[in-house]
Amino acid sequence: MDRFEAFTAENRGRKPADLGTELERLAGQCACPDCPTYNDCSEGAGERLYCLIGRSFGCMTENLGCACAGCPVHRDLDLKFTEFCSNGPEAARRYERTLS
Ligand code: SF4
Ligand code: SF4
């Protein structure tokens, strides 16, 4: 079990309020606001943490690069993918990978 799998398993046992607190903590470390692809739309919508929450609700118009690889959340959770805002969250992409 890698760190993302352990984190996901741990979350299943968390109360909703505790999970919210944890996601808020991680959102504070998210490097998306420093990424060139992140724009006024995503900022205005308060989007963050695409790797866990899910892709952007239509804000991403062009891919200008991705800062995920240098993000502490990416490192600490041992994430395998990047560009979550456009391509979807880590859990879904790990699942999709098992189908191919
Ligand atoms: S890995 Fe990417 S989407 Fe996830 S918190 Fe870091 S910068 Fe944000
Ligand atoms: S997920 Fe990657 S590409 Fe998208 S805004 Fe965050 S750092 Fe940039």
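Order of appearance sets the numbers: ligands from 1, and atoms from 1 within every ligand.
- The pair E96-R93 fails the salt-bridge criterion, with no side-chain N (NZ, NE, NH1 or NH2) lying under 4.0 Å from an Asp/Glu carboxylate O.
- The CZ atom of R94 sits 5.5 Å away from the CZ atom of F4 when rounded to the nearest 0.5 Å.
- Residue contacts with ligand 2 do not include S56, since none of its heavy atoms lies under 4.0 Å from the ligand.
- Using a 4.5 Å heavy-atom cutoff, the side chains of E22 and E10 are not in contact.
- Considering OH of Y50 and SG of C59, their distance stands at 6.5 Å, rounded to 0.5 Å.
- A donor atom on one side chain and an acceptor atom on the other are found under 3.5 Å apart for E83 and N63.
- Using modelled atom types, one finds a donor on one side chain and an acceptor on the other under 3.5 Å when comparing S42 with N39.
- Looking from atom 2 (Fe) of ligand 2 to the surrounding protein, the closest heavy atom is C66 SG, 2.5 Å.
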Could you go through the side-chain contact (heavy atoms from CB on, under 4.5 Å) check for T8 and E90 one step at a time?
CA-CA 11 Å; T8 302; E90 179 81 9; over 6 Å; no

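- In terms of protein heavy atoms, atom 7 (S) of ligand 2 is closest to A67 N, 3.1 Å.
- For atom 4 (Fe) of ligand 2, the closest non-hydrogen atom on the protein side is C85 SG, 2.3 Å.
- Listed by chain and number, the protein atoms of type N/O/S under 2.8 Å from atom 4 (Fe) of ligand 1 are C51 SG; waters are omitted.
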Verdict with supporting geometry, R48 and V73, side-chain contact (heavy atoms from CB on, under 4.5 Å):
CA-CA 12 Å; R48 296 274 196 290; V73 176; over 6 Å; no

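- In summary, no N, O or S atom of C35 is located under 2.8 Å from atom 4 (Fe) of ligand 2.
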